[in-house]
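Letters A, B, ... are given to chains in the order of the sequence lines, protein chains preceding strands, and every chain is numbered from 1. No experiment lies behind these values; they were computed from the predicted model shown.
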2 protein chains.
Amino acid sequence: MNDVVLLGVDWGSSSVRAFAIANDGAAAAVKRADDGVFTGSGPFGARLRGHLGDWLERWPHAPVLLCGMVGSDRGWVHAPYVAAPAGLSELAGALVPAPFECSARIVPGVSFTSGETCEVLRGEETLLMGLGERASGTLVCLPGTHSKWADLADGRIAGFRTYMTGELRALLLSQGALATTITQIDSHDAFLAGLAAAREDAAPTRALFQARARRLLGRLAPQHTASFVSGILIGAEIACEAGAAAVLLAARGDLAAAYSAALREARIAVSAADPEPLAASGLLRIAVAAGLVRADSM
Amino acid sequence: MNDVVLLGVDWGSSSVRAFAIANDGAAAAVKRADDGVFTGSGPFGARLRGHLGDWLERWPHAPVLLCGMVGSDRGWVHAPYVAAPAGLSELAGALVPAPFECSARIVPGVSFTSGETCEVLRGEETLLMGLGERASGTLVCLPGTHSKWADLADGRIAGFRTYMTGELRALLLSQGALATTITQIDSHDAFLAGLAAAREDAAPTRALFQARARRLLGRLAPQHTASFVSGILIGAEIACEAGAAAVLLAARGDLAAAYSAALREARIAVSAADPEPLAASGLLRIAVAAGLVRADSM
């Protein structure tokens, strides 16, 4: 069995995943919990100890590296953004120590500005570094609450764009004119109709009202509202990225299926990667670049 | 003094306005209350009696005509949509009686379909009829929770489009990544920056994240978030209507000022109309077309 050389933690807004990472970059063990940076409570040190549990005694010499919202200005310790273009050396050079017995460190997020446009990400930089050699000249889509589309060049994050797809979907389906108390059933046809509405209407702020108007006029079944709204929001996102020939999609489960279908509809070639192993691999690559883990242990 | 010939009520989702309407279409008296169709409670008949108050004894022969969400399928009595194109005769021919002592009637909403696209409005049809002779060949913008842009031809509603501008603004500023507890201050510069962001980004779902990223990178003052978000959402709406040369804007107060500024930025000529007198005038025109009020009393 490979040695565990790093205890890595991807600590996001609403959940936390801890990885006991072996010297080949794979996770020898994974723990998942709902204790998000903003959804959980209590001192971060005690919470981290709980998440790592017996790993701390089992692998006492493995350093601890954290990424995600834990390093935001409302997190545990603020790890200020590194400006893009940013790769392993820029991220490794800007790790911030966290007050934890085995001197944990936190990976910074990345910022990007172009004219007036500002972009920030935090957590995704680590997944992107996990792509390793696959990362050159690639467009990567990381869907979620705030979907990120990142351009990678020479192993560095060259630039990226954010779409509020997941947040808008959750807000609109839970309250207001589009919300319904009827149990939702996935419908591929309604999803495709949403994609078509997004293509037809320049503004999703118009296309979204279709979820109400079509329901009122009997053209959309109330139980298919969520699929239709997903189609509109994902379609609006992909329409802005329509110049792409190929995309690497870092997603799993229903989200991966929905984005894959939408990308195929837009005639963009898709390859997929599971984000969880990318996080573990990215944490190890950054730890090695920072000298926390010896390269010859890999 | 002109005789009061009609008691008109514009009863929307979140408020109610009652008009004692004189034979020239002007409101001799107006009562306003927060008792919206969905925000108030109790039997509609009793609530209507309360809103009309002593008007019922003072003008016992004046018929009562209602418009707005009171006629929706979740309102008092359902007044099904009339299909566009719809003008005075179509609306007057589809009034629905309400169970009220002096035989009140409810104005129906209007639906519009074009290919797969569906549109509905309810309440705005009455304001649009209030435009009378101004209504031919005009594009009318009625901003609000669900902004409507209506094409009028020969005094009839030929078609219209809906943008969820006001609803999205309220949702995004009250919760989620863009919300802030800092008291908001109007900023014309931040509003203009929002318009520019909407022009730059094809999807407002991308431009909206700018409200967070610019704040985090020190490019947007937190107290100007609401102005910036307004600029993005209004800008996205106007970008879809950019082919227009001139617009009649039915709005008042801050909303009228914001849309006027955005339309001027887009080089679209604006004329403005106060929506409240339009509602009173529209109710009288529909009542006359339906024979509820004699034309020679006007």
Novice: If you count heavy-atom pairs within less than 4.5 Å of chain A, which of B:T145, B:L216, B:D73 leads?
Specialist: B:L216
Novice: Which atoms form the tightest heavy-atom contact between B:C118 and A:Q210, and what is the distance?
Specialist: O-NE2, 2.7 Å
Novice: Is the NE2 atom of B:H78 crowded by more than 12 outside heavy atoms at less than 6.0 Å?
Specialist: yes
Novice: Below 4.5 Å, heavy-atom pairs only: which of B:A193, B:C240, B:A236 has the largest tally toward chain A?
Specialist: B:C240
Novice: So, A:E167 versus B:Q175: side-chain donor-acceptor pair below 3.5 Å or not?
Specialist: no
Novice: Please flag which part of B:L233 lies under 4.5 Å from any non-hydrogen atom of chain A: side chain, backbone, both or neither.
Specialist: side chain
Novice: Enter the distance from A:T162:OG1 to B:L208:CG here, rounded to the nearest 0.5 Å.
Specialist: 12.0 Å
Novice: With respect to B:E119, which candidate in A:R212, A:R206, A:R214 satisfies the salt bridge (Lys or Arg N to Asp or Glu O under 4.0 Å) definition?
Specialist: A:R206
Novice: Sort B:T113 into side chain, backbone, both or neither according to what part of it lies under 4.5 angstrom from a heavy atom of chain A.
Specialist: side chain
Novice: With a 4.5 angstrom heavy-atom cut-off, is it the side chain or the backbone of B:A177 that approaches chain A, or both, or neither?
Specialist: both
Novice: At their closest point, which heavy atom of B:H146 faces which heavy atom of A:F209, and how far apart are they?
Specialist: ND1-CE1, 3.5 Å
Novice: Roughly how far, to the nearest 0.5 Å, is CG of A:L171 from CG of B:L168?
Specialist: 9.0 Å
Novice: Relative to chain A, which segment of B:E200 carries a heavy atom at a distance below 4.5 Å: side chain, backbone, both, or neither?
Specialist: side chain
Novice: Side chain, backbone, both or neither: which part of B:A203 has a non-hydrogen atom closer than 4.5 Å to chain A?
Specialist: both
Novice: Under a plain distance cut-off of 3.5 Å, with no hydrogens placed, do B:T205 and A:E237 share a side-chain donor-acceptor pair?
Specialist: no
Novice: Name the region of B:L217, side chain, backbone, both or neither, that has any atom closer than 4.5 Å to a heavy atom of chain A.
Specialist: side chain
